[in-house]
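A, B, ... follow the sequence lines: proteins, then strands. Residue 1 opens every chain.
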Amino acid sequence: MTNSEIVDLLELTGRLMELHDRDAFKTRSYQTAAFNLDKSTADLSNMPVEELVKLQGVGKSVAQKIREIAETGHLTELDELLAQTPQGVLDMFRIKGLGVKKVRTLWHELGITNLRDLQLAGENGQIAKIKGFGASTQEKILAALEFLQEQQGKVRMDKAAMIANLLVERLTPHFERVEISGQVRRKAQEVDAIQLLIQTSDPVAAMLTLNGLDNLEQNVPDSSPFAWRGHLAGFDVLVELLFYPAEQMNRQLFIQTATDAHLKQAGTGGVPLLQVAYSSVLPESANTTDVTEVETAIYEKAGLPYIVPEMREDDFAFRWASRHKNEELVTWDDLKGTLHNHSTWSDGKQSVADMAAYCQKLGLSYFGIADHSKTASYANGLDAERVRQQQLEIDELNKGFGADFRIFKGIESDILGDGSLDYDNDTLATFDYVVASVHQTLTMSEEKATNRLLRAIENPYTTILGHPTGRLLLAREGYPIDHRAIIDACAEHNVIIEINASPYRLDIDWHWIEYAMQQGVKLSINPDAHDFAGLLDMHYGVAIGRKGGLTKAMTFNALTLTEMREYLKKRRAEIRK
DNA sequence: GCCGTTTTCGGCCCGACTGTTTTCAGTCG
């Protein structure tokens, strides 16, 4: 059991205890234990009770529960609570704006035990009639339900990659060649089908083999003699396994990776790319696995420039290719540092020193710390005094590094409702740079949200605009903003825009990268890391950056240490003028 | 149930905002 699995079970237990009106303080103790353990780096599943009780928020009782979870994978108390809770009531927790109290009211007052009934109650106006609810709440619930339904059967790119790799591992022993294709190979940020190509000359035998494997649940009506469709147990996303003979593998890998829109692109003589892919005699030394060679040949025959897999979405790629070369696209190796990260000073799991050391291990030459600011009290945000203390710590740490590594002093300053940052100028002036982000009051009209961001961009202390829309993929739509106005303002005020690389956000959306580049606005691939693993999220940022055509030259954190120091110094000097 | 003592029992929590209220409960990050 991983820490987060243990924490999730404790958190759910606390939530269900509250739902079922158990003792409020007992309930809270589960919730605070989960809250504290979520930030712990201790190896919970391998700790004895006497060690566990030393952790903040963990007493004898919760320690024993953790042991039970670690040893059995279950918590008896939770299982009992779950048995008393309809699945549909649990589903209601996924609706933004519904907490325990409202869910309990909907369940007990209207007898709602599934999302369908919830929708009907909303459409009939019943929800608005409950005291404590109103027309506005009802509207919000209906909108959130609709959003949730749209996300059904989709997973984020990180989970999709994990499932795809799991399948490759499972299938490789049984087949000559297994390749990830489709949305996962294309690095789509949301995936509704995990697609793999399987090389076989005997589809009937292949089907039998697949159906003999554990945890692969076939959906027979959706399958065909050459395509197994179904699910991997435990994951609510379609798995599609397509059978091809050896000589078709590379050709199909190309075809299945690109979107229809991309394949419709006409090349020389108006022949669509798809037709070229099907009709060409390809350089197939039978089993060559050099896919790039084959795909290069296809584009060449079509008279079109080679497009990297990430960009095979629509005709944007061809417009981009008329102005750029593929070699200009940013890569992981181009990244020289990282600028939006958290530490134990706010809600991160690791210390500044440990995070910096890990960055050195990754081969980066600078680590920017941008912990939460004072308004983010829920995340233990730093007031001016703690900012000062943290900066002293960073000064000390920097003394220990040679000329090839440095920690930069940043902050993720909340953009308040009126667009101002939440420190006075004297404090803002102490940072090497400022990431300005919105964290509260996320329901705004486009006009209000845009004006709020514009004011933050105009603030001379703002270096980077953090996650511009506040969206959470598959969970929450961001607030609407006028992207052009925001990007134009960033150009005017010399503000960099973040590509938040967390697979939960990927915000700013890749569709806006090209416009930003055209306006001369650089983008920073920011992991928003709260622990070591979070730093690796920059891989997703690179993938999504490439999808949007981001070049190394326009990637802010591709600046070398020397260049970054110079840039930040110059930017500071401009403020003083 | 946990914590922290004024050491074995009494008090537990961060603040902004929204929508529903007419003084505040519920949600969120």
Side-chain angles (χ1 to χ4, degrees), chain A residues 10-11 13-19 22-39 49 52-66 68 75 77-78 81 92-106 109 127-144 342 346-348 371-383 386 412-420 422 437-445 448-449 452 466-467 469-472 475-479 500 502 504-505 507 528 530:
Chain A
L10 289 174
E11 203 272 334
T13 307
R15 188 194 298 241
L16 292 187
M17 285 166 74
E18 194 180 341
L19 182 69
R22 299 294 153 82
D23 178 78
F25 291 112
K26 189 172 162 182
T27 297
R28 170 160 302 157
S29 69
Y30 276 81
Q31 290 163 346
T32 47
F35 178 78
N36 285 306
L37 294 175
D38 190 35
K39 288 186 290 182
V49 169
L52 287 167
V53 294
K54 291 178 190 164
L55 299 170
Q56 185 65 235
V58 178
K60 233 159 103 187
S61 172
V62 171
Q64 266 151 12
K65 308 287 180 197
I66 294 173
E68 184 188 344
L75 187 58
E77 200 168 347
L78 174 59
L81 287 162
M92 283 197 268
F93 285 121
R94 291 164 54 210
I95 293 168
K96 290 280 169 191
L98 288 187
V100 174
K101 306 248 170 55
K102 286 209 170 109
V103 167
R104 185 170 52 203
T105 306
L106 289 165
E109 301 240 336
I127 294 175
K129 287 183 200 150
I130 311 172
K131 60 173 175 293
F133 291 63
S136 172
T137 304
Q138 181 171 272
E139 279 311 303
K140 270 172 86 174
I141 290 174
L142 285 174
H342 299 269
S346 66
D347 62 349
D371 269 316
H372 287 286
S373 59
K374 66 177 179 189
T375 308
S377 49
Y378 60 88
N380 196 21
L382 280 60
D383 59 21
R386 290 180 69 227
E412 183 180 21
S413 183
D414 272 21
I415 299 173
L416 304 178
D418 64 357
S420 59
D422 67 343
S437 311
V438 168
H439 283 115
Q440 55 254 283
T441 320
L442 302 166
T443 27
M444 293 176 281
S445 66
K448 196 179 165 199
R452 186 176 175 187
H467 45 69
T469 75
R471 75 176 181 188
L472 292 176
R476 180 178 76 204
E477 268 179 303
Y479 38 83
N500 191 293
S502 162
Y504 285 78
R505 292 188 182 269
D507 180 15
D528 202 349
H530 288 71

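Computed from coordinates, the A/Leu37 CG to B/dG1 P distance equals 16 Å when rounded to whole Å. Distance NZ (A/Lys129) to P (B/dT21): 14 Å, rounded to an integer number of Å. Remark: P of B/dC28 and NZ of A/Lys140 are 8 Å apart, rounded to the nearest angstrom. One can place CG of A/Asp347 at 18 Å from P of B/dC28, the figure rounded to the nearest angstrom. Distance CD (A/Glu18) to C1' (B/dC28): 14 Å, rounded to an integer number of Å. One interatomic measurement links the two molecules: CD1 of A/Ile141 to P of B/dT18, which rounds to 17 Å at whole-angstrom precision. A/Tyr479 has its OH atom 13 Å from the C1' atom of B/dG29, to the nearest Å. Taking atom NZ of A/Lys102 as the reference point, atom C1' of B/dC28 lies 11 Å away to the nearest angstrom.
Taking all atoms of both residues into account, the shortest heavy-atom contact from A/Arg476 to A/Gly470 is NH2-O, 2.6 Å. Minimum interatomic distance between A/Ile127 and A/Gln138 (heavy atoms only, all atoms of both residues): N-OE1, 3.2 Å. Counting all heavy atoms, side chain and backbone alike, A/Val103 lies closest to A/Leu19 at CG1-CD1, 4.1 Å. Closest non-hydrogen pair, A/Val438 versus A/Tyr479, comes out as CB-OH, 3.4 Å.
Residues satisfying the side-chain contact (heavy atoms from CB on, under 4.5 Å) test with A/Ser136, not counting sequence neighbours, are none. Checked against salt bridge (Lys or Arg N to Asp or Glu O under 4.0 Å), A/Lys54 has the following partners two or more places apart in sequence or in another chain: A/Glu51. A search for salt bridge (Lys or Arg N to Asp or Glu O under 4.0 Å) contacts involving A/Arg15 returns A/Glu11, not counting sequence neighbours.
Comparing B/dT21 with B/dT27, their P atoms are spaced 15 Å from each other, to the whole Å. The separation of B/dG26 from B/dT20, taken at their P atoms, amounts to 14 Å, rounded to a whole angstrom. Separation of the P atoms belonging to B/dC12 and B/dT22 is 29 Å when rounded to the nearest angstrom. Nucleotides B/dC17 and B/dG10 have their C1' atoms positioned 32 Å apart, rounded to a whole Å. Taking atom C1' on both B/dT23 and B/dG4, the two are 35 Å apart, rounded to the nearest angstrom. A gap of 15 Å separates the C1' atoms of B/dT7 and B/dC2, to the nearest Å. For the C1' atoms, the distance from B/dC24 to B/dT8 is 36 Å, rounded to whole Å. Taking atom C1' on both B/dT18 and B/dT6, the two are 42 Å apart, rounded to the nearest angstrom.
Between the side chains of A/Asp371 and A/Ser346, a donor-acceptor pair is found at a separation under 3.5 Å. If you check the side chains of A/Asp528 and A/Ser502, you find no donor sitting under 3.5 Å from an acceptor.
With B/dT27, B/dG1, B/dG29 as the choices, the nucleotide that has an atom nearest any side-chain atom of A/Lys101 turns out to be B/dT27. Comparing B/dC28, B/dT18, B/dC2 by their closest approach to the side chain of A/Lys448 singles out B/dT18.
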Strictly under 3.5 Å: I want the nitrogen or oxygen pairs between protein and nucleotides 22-24 of chain B, one per line.
none

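Comparing A/Val100 and A/Ser136 against DNA chain B, the residue whose closest nucleotide sits nearer the 5' end is A/Ser136. Of the two residues near DNA chain B, A/Ile95 and A/Met444, the one whose nearest nucleotide lies more 5' is A/Met444.
Across all strands, A/Leu55 comes closer than 4.0 Å only to sugar-phosphate atoms, never to a base (heavy-atom distances). Residue contacts shown for A/Ala24 are absent, as no nucleic acid heavy atom lies under 4.0 Å away. If you check every strand for non-hydrogen atoms under 4.0 Å, A/Arg104 touches nothing.
Using a 90° window around 0 for the glycosidic torsion, B/dT8 falls inside it and is classed as syn.
An OP1 or OP2 oxygen of B/dG19 is reached within less than 4.0 angstrom by no side-chain nitrogen or oxygen of A/Thr137.
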- line: 5' to 3', nucleotides 4-17 of chain B under a 4.0 Å protein heavy-atom cut-off (B base, S sugar-phosphate only, - none) gives --------BBBS-S

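Among residues at least two apart or in separate chains, side chain to side chain donor-acceptor pair (under 3.5 Å) pairs with a member in residues 30-39 of chain A are A/Glu18-A/Gln31, A/Tyr30-A/Glu77.
Under the 30°/60° scheme for interplanar angles, the aromatic rings of A/His372 and A/His530 are found to be tilted.
Across all strands shown, the partner of B/dC14 is B/dG29, judged by Watson-Crick or G-U wobble contacts whose two distances both fall under 3.5 Å.
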